[in-house]
Amino acid sequence: MIDNQILVPDGVKDYIPNDFIIKSELIKKIESTFLKYNYSLVETPMFEFIEVFEGKGSVHKNQMYKFIDRNGDVLTLRPDLTPPICRLVSANNLYKNTPLRLCYTGNTFRYNENYQGKLREFTQSGAELMGSKDATIEILDMAINSLITIGLNNFRLDISQINFFEGLTEESSITKKDIVTLQKYLINKNFVAVSEMAKSINIPNKIKQFLCNIHAFIGKTDVIENAKNYFTNKKSLDALDNLLDIFDKLKLLGIDKYINFDLSMIGKLDYYTGIIISGYTYGTGFSILDGGQYDNLMKQFGHDLSAIGFSMKINNLMQALENQDVRRLS
Amino acid sequence: MDYITFALPKGRLASETMNMFNKIGITCDELNDKKSRKLIFTNEKDKYKFFLSKPSDVQTYVEYGVADIGIAGKDTLLEDKRNLYEVLDLGFGTCKIVVAGHESKRDFIKNISDLRVATKYPNITKDYFYEKLRKNIEIVKLNGSVELGAVIGLVDVIVDLVETGSTLKANNLQILDEICTVSARLVVNHVSMKIKHDRIIKIINDLNKIKDDYLC
């Protein structure tokens, strides 16, 4: 018989002293980096009204833990920390003092077998910058320095630009339905289906070639320069120039070696509006950092404010650091 | 340089894969030694590692990143919907996923509401009946010899993988509808695709180049 008094449910775990010290030290180092960049720590509730998460592009409702309170309102354990931060900014009139720099650490909850190495409760430390002009560089610089501070040196941040894909769909004038299918294939990283679809629909030849070889558009600046040859629309070309511009600025800061481009990355279109970021390293099969620009999300909470941020997946970082240490010793 | 680790599906697909890999210069002598009791086979010179696993487990090893690259059947990918890069249709191991049953069940599928279906692929089956026929069905999960379910009367129809159709024919079962065609796919771990990018892209490009010649 399974003894529920001793065991924990699927996807949650205990942190015994050794694990706890590693985790809390890791969070301390990350937060101290955020504080150096003048970010202020905030905290939001563990559960909220489900409406906070029901906007565009948030986590699917089947992945949320939901329950009903005594008033009959549906509550959810937070699956994501960015919408609550937007709500906090809006509800407490913080949007008046821009640029606004906020950071946080908290646990998030998702019913998802294929997420975070199957953990259903996982910790994220993140930062959000709102209403600032040079936000992208600051956020990327801080993300890279946070990863260096915790002792990682072999990692990559992959970046892409949402507008690039939007331009692509406009130039190829494909139907709404086909766009949704293409997005689905790209999000699932199903390049076989992307190339089969490209061959079967009526789009400009150059774009066809681009989609059939999309796996080759992951890399350094040469990839972006090459991609320019496949498009004529201003939106995509501007997005590509924007990526090159970001790269040049990071070069001045001496941190360009951590940056790579991945034009197959499209994020969630409704949520993100510009740059999207994903971080990877050895020792874990999952991303260690995710983020991007999300102007639309603030709009949903009543204020038209540019916003960009990222969150670091603490559990994945712990796993990566542990595996990388083992490798160094062996 | 780090190793690139391959998860191969045990059996015929593994040897077809290695044939194709040998043509692009990815070799492993240890794999050819049939007497070996090793579980992991290494090519020290070019820094490749290989291991054999149950076909339906390949994607698990790749998703968790203990293998960088795997060869998996499209049927298992459709069934489990893992978080992986599916980069190449290798073109071999081609089969069909079909709905099969006695000829008398052909109209039955469309008209009768409480249909009972046996399969190894509950998700594919559910998707097909719901998306295409807008029908709720009762699924009976079987792990092998799925045809038996229909022959012996456990279920109305089955959803299964068919290569030649001879087993169906021998048991007086007909293909009532084709759901999709599946074949062997090259899958790549999310992080490996980024971190070992140059070497993996070279493998994909090389395979792409020889694929068409290989199949002729």
Side-chain angles (χ1 to χ4, degrees), chain A residues 112-118 152-160 184-196 199 212-220 222-223 258-262 264-265 277-290 313 316-317 319-320 323-324 327, chain B residues 1-5 7 59-74 77-91 123 131 180-209 211:
Chain A
N112 193 344
E113 291 212 314
N114 292 338
Y115 202 74
Q116 308 290 335
K118 292 193 173 168
L152 282 180
N153 38 38
N154 211 337
F155 63 87
R156 292 176 48 156
L157 291 191
D158 276 43
I159 61 173
S160 186
K184 194 180 85 194
Y185 291 155
L186 285 170
I187 287 171
N188 294 338
K189 313 280 179 210
N190 187 345
F191 294 165
V192 176
V194 169
S195 102
E196 271 166 15
K199 281 175 200 152
C212 288
N213 290 302
I214 192 148
H215 65 268
F217 292 90
I218 302 174
K220 287 286 183 185
D222 51 318
V223 162
Y258 299 108
I259 298 290
N260 280 274
F261 301 104
D262 179 353
S264 76
M265 204 162 82
I277 314 161
S278 269
Y280 302 92
T281 188
Y282 289 96
T284 167
F286 304 92
S287 67
I288 49 169
L289 181 152
D290 285 295
K313 309 285 152 60
N316 293 351
L317 282 170
Q319 193 197 9
N323 288 341
Q324 291 188 9
R327 268 187 215 177
Chain B
M1 191 163 63
D2 256 25
Y3 286 98
I4 287 197
T5 306
Q59 46 180 342
T60 310
Y61 290 108
V62 177
E63 188 189 24
Y64 278 77
V66 288
D68 301 300
I69 296 179
I71 285 77
K74 179 69 185 169
L77 296 175
L78 279 172
E79 179 62 23
D80 287 358
K81 299 199 174 82
R82 299 281 181 154
N83 198 358
L84 298 164
Y85 281 93
E86 181 182 331
V87 289
L88 205 60
D89 181 349
L90 294 173
N123 289 328
E131 301 285 337
C180 58
T181 304
V182 298
S183 56
R185 304 293 163 101
L186 193 77
V187 294
V188 180
N189 171 267
H190 223 81
V191 177
S192 309
M193 187 75 171
K194 314 283 186 178
I195 301 256
K196 301 176 186 174
H197 176 256
D198 294 347
R199 293 172 74 200
I200 290 177
I201 290 295
K202 186 173 182 306
I203 294 172
I204 297 172
N205 286 341
D206 288 352
L207 285 173
N208 233 337
K209 260 178 237 154
K211 202 180 85 179

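Sequence lines set the chain letters: A, B, ... in the order given, protein chains first and strands last, and positions in each chain run from 1.
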Q | Heavy-atom check, side chain of A:Y282 versus side chain of B:V191, under 4.5 Å | A | no
Q) With a 4.5 angstrom heavy-atom cut-off, which part of B:D89 approaches chain A: side chain, backbone, both or neither? A) both
Q) Just how far is it from atom CD1 of B:I195 to atom CG of A:N154, taken to the nearest 0.5 Å? A) 6.0 Å
Q. Tell me, side chain or backbone of B:K74 under 4.5 Å from chain A's heavy atoms, or both, or neither?
A. side chain
Q. Is it true that a side-chain atom of B:H197 and a backbone atom of A:I218 form a donor plus acceptor pair closer than 3.5 Å?
A. yes
Q: To the nearest 0.5 Å, tell me how far A:F286 CZ sits from B:N189 CG.
A: 8.0 Å
(Q) Quick check: do A:K189 and B:H190 have side-chain heavy atoms less than 4.5 Å from each other? (A) yes
Q. Which region of A:D262, side chain (C-beta onward) or backbone (N, CA, C, O), has a non-hydrogen atom less than 4.5 Å from a non-hydrogen atom of chain B, or is it both or neither?
A. side chain
Q. Taking atom CG of B:N83 and atom OG of A:S287, what is their separation to the nearest 0.5 Å?
A. 8.5 Å
Q) So which of A:T281, A:N188, A:T284 has the biggest tally of heavy-atom pairs under 4.5 Å with chain B? A) A:T281
Q.
Quick check on B:L84 against chain A: is it the side chain, the backbone, both or neither that has a heavy atom closer than 4.5 Å?
A. backbone
Q) Considering residues, nucleotides and ligands other than A:K220, do more than 12 of their heavy atoms fall under 6.0 Å from its NZ? A) yes
Q: Test side-chain contact (heavy atoms from CB on, under 4.5 Å) on A:H215 and B:N205 and set out the steps.
A: CA-CA 9 Å; A:H215 65 268; B:N205 286 341; 3.0 Å; yes
Q) Which region of B:I201, side chain (C-beta onward) or backbone (N, CA, C, O), has a non-hydrogen atom less than 4.5 Å from a non-hydrogen atom of chain A, or is it both or neither? A) side chain
